[in-house]
Amino acid sequence: MIPVPVVVTVLGGWCAVYLADTLLKSSNSLKASYEDWLLTYGLSVSPFHLRWQTALFNRQFYNWGRWKPKFLYLWFSIGMVFGIVAMFGSVILLGKTLLQTLTQMLTEAPKAQNDRMLQVVVSVPSSSLCLRAVHRSKAASKWGMECLNIPVPGVNLPVSQLTYFFSAILISGVIHEVGHGVAAIREQVRFNGFGIFIFIVYPGAFVDLFTTHLQLISPVQQLRIFCAGVWHNFVLGVASFMVLFLLPAILFPFYYTGVGALVTEVAEDSPANGPRGLFVGDLVTNLQDCPVYNVEDWNSCLGDISEKSQVGYCVSAATLQQLSFPARVYRRLDGTVECCSNNSLTDICFSYSSKLDSHLYACLPARKVIEASKVCRTNMDCHKDFVPSFCVTPSLENQTRLIRVKHPPHIDMLYVGHPMHLQYTVSLSSFVPRQNFLSIDLPVVIETFCKYLISLSGALAVINAVPCFALDGQWILNSFLEATLSSLIVEKHNRELLGFLILLAGSALLAANVALGLWMVTAR
């Protein structure tokens, strides 16, 4: 749920802007000067929509559009092929996603959402829904395009991620529109201007092209222009992926990897927060007997610990007799056994078995038992040097685990709780600074931003290619039909009817995916 103060602030801010705009336009003394001011700076105000357009960048766009004509011809021709393939591919992906969603709705144990081919509704930053609005401006000779990414309602976006999210949206939108603008200039279509807009709280970009020129060029030329946006988003996603993949090599002179997971933040309410917990700058090297060389290992180890049963620790019979003390044994509500006082912060109930009894319990000091002890599953794992030993296993509540976290040179942290709580409340990095003055947050910032760019720019490319009303796919489809079916379907209105029916089906397919995706997130 979106916090009420945020909703009130956004609505109040837009109401104030729109009210001020209305009052100034209705004032006899200020109306003319206000409208001149808006026109001079290329501003326009409407409910929940603020738009700025300028010709300041026209020269730069023309320089880009006239740079190496043969290369740009090849570049946008490849983009045209990609756009056409993406249009058909997006329909296949949406179709498979719809079938998978319907299957999940009809089964009692649906698949995890990560198994779906395409998630229209997912947790941020994996994806967002991008809507493409194409409109005619007040001047009939102008053809404008606006691109807007909106996250699906109900998705929780942490406040700490807002900068990444909105920056990635704006950059993805700008790169998308740069593609359209440069391709249009390459095809001799007049470029009127570039602009930025804000819809509610989401930034976006648009280009203004001369419609008459656009209608006079061939369908293949139109395809190069219409496909340029999704092509540039795809290239941006690939470039971001390459930066993410090569980041260890790029940062190698300043950071080294493969030695552990570096703690960059510990939440105040984290179970790992405390005198013997984890601190910023600690290097985690092991979780139980699972080695940790990077963040991926940290997550993998915690996942394995969560899925598997609690490991035990080898304790000699003499040590067990020395450390244990009499305690009352009772069962918890979930059926597990407790044998220590509820007030104890250092002792844990351990279970073990002997040849005479398979269910024995002892209340033992956890740190003394675990330190320098070998991990085990059964008593057979502890037979060594003919010293009688037992494999003692913490008797904890279901889903709760005792985890030994090694972060030398500090004393091991002993964590008791759900492994996922440790994962969610401790932030780590795979990059360790070679010098103390280097920031431990810089690699994390780069990694996170690249992931947002991959997710949002990729979503913009896929969804925009769908043959749906108001998306790039609408114009790609119309130009594609004109380029391929003009000799087979001679009558233009028949081709337009076919295009309309395909667009209707594509719009219904996208709408069904969005509606069912929202239902899967909210209703279930």
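Computed from a prediction, not measured in an experiment: that's the story for all the values here. Only heavy atoms go into these numbers, but all of them, side chains included; no hydrogens, no water, no symmetry mates. Numbers for residues simply follow the sequence, beginning at 1.
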Those residues at least two apart in sequence (or on a different chain) that pass side chain to side chain donor-acceptor pair (under 3.5 Å) with Ser240 are none
Original post:
Using the benzene-type ring in the case of Trp, are the ring centres of Phe431 and Phe252 under 6.0 Å apart?
Top reply: no
Phe210 and His213 aromatic ring geometry - parallel, tilted or perpendicular at 30°/60° bounds | perpendicular
Using only atom types and a distance under 3.5 Å, with no angle test, would you say the side chain of Asp282 pairs donor to acceptor with the backbone of Phe279? yes
Here the pair of heavy atoms bringing Ser172 nearest to Leu460 is O-CD2, 3.7 Å
Leu481 and Ile489, any side-chain heavy atoms less than 4.5 Å apart:
no
Leu477 and Pro467 have their tightest heavy-atom pair at CD2-CB, 4.1 Å
Keeping the roles fixed (side chain from Asn273, backbone from Asp269), state whether a donor-acceptor pair exists under 3.5 Å. no
d(Cys227 SG, Ile84 CD1) to nearest 0.5 Å is 5.5 Å
Any sub-3.5 Å donor-acceptor pair from Asp21's side-chain atoms to Val17's backbone N or O? no
Q: For Ser27 and Leu23, indicate whether the former's side chain and the latter's backbone hold a donor-acceptor pair under 3.5 Å.
A: no
Can a donor-acceptor pair be found, under 3.5 Å and without considering hydrogens, that links the side chain of His180 to the backbone of Ile225?
yes
Worked verdict on Ile78 versus Trp231 for side-chain contact (heavy atoms from CB on, under 4.5 Å) | CA-CA 8 Å; Ile78 296 173; Trp231 168 239; 3.6 Å; yes
Applying side chain to side chain donor-acceptor pair (under 3.5 Å) to Arg186 and not counting sequence neighbours gives none
Q) Are any of the side-chain heavy atoms of Ile196 and Phe206 separated by less than 4.5 Å? A) no
Item to check | Pair Ser218, Gln221: side-chain N/O donor-acceptor within cut-off below 3.5 Å | outcome: yes
In terms of heavy-atom contacts, Leu302 and Gln423 come closest through CD1-CB, 3.6 Å
Practice item. Verify the ring-centre separation between Phe194 and Phe61: is it less than 6.0 angstrom? Key: yes
| said: Less than 3.5 Å apart, any donor N or O on the side chain of Asn233 or Ser457 sitting next to an acceptor on the other? | reply: yes
Between the CG atom in Leu102 and the OG1 atom in Thr97, the distance rounded to the nearest 0.5 Å is 11.0 Å
ask   = Mind checking whether Tyr202 and Phe165 have parallel, tilted or perpendicular rings, split at 30° and 60°?
value = perpendicular
Rounded to the nearest 0.5 Å, the SG atom of Cys450 sits from the CG atom of Leu247 at a distance of 7.0 Å
OG1 of Thr425 to CD of Glu268, rounded to nearest 0.5 Å, is 12.0 Å
Between Leu244 and Pro248, the two heavy atoms sitting closest are O-CD, 4.2 Å
Sorted by chain and number, sequence neighbours left out, ring pair (Phe, Tyr, Trp, His ring centres under 6.0 Å) with Phe76 holds for His232
So CD of Glu35 and OG1 of Thr40: to nearest 0.5 Å the spacing works out to 11.5 Å
When rounded to the nearest 0.5 Å, the distance separating CD of Gln222 from CE of Met80 is 12.0 Å
### Query
Counting N and O atoms only, with roles assigned by atom type, does the side chain of Asp297 sit under 3.5 Å from a partner on the main chain of Tyr293, one being a donor and the other an acceptor?
yes
For the residue pair Pro219 and Leu223, establish whether any side-chain heavy-atom pair is separated by less than 4.5 Å.
no
field: Sub-6.0 Å ring centroid separation between Tyr41 and Trp37
entry: yes
Tell me, do Asn58 and Phe191 make a side-chain contact under 4.5 Å, heavy atoms counted?
yes
Under a 4.0 Å N-O cut-off, is there an ion pair linking Glu187 with Arg224? yes
**Study point:** Validation row: Arg51, Leu43 side chains within 4.5 angstrom (heavy atoms)
**Key:** no
Checklist entry - Do Pro433 and Leu262 touch side chain to side chain, with heavy atoms closer than 4.5 Å? => result yes
### Query
Should Ser270 and Val426 count as side-chain neighbours, where that means a heavy-atom distance under 4.5 Å?
yes
- Task: Answer yes or no: is there a donor N or O on one side and an acceptor on the other, between the side chain of Asn464 and the main chain of Asp472, under 3.5 Å?
- Result: yes
Answer yes or no: is there a side-chain heavy-atom contact under 4.5 Å between Leu214 and Ile217?
yes
Nearest heavy-atom approach of Arg434 to Pro253 is CD-O, 3.4 Å
Heavy-atom nearest pair, Leu509 first then Val91, reads CD2-O, 3.7 Å
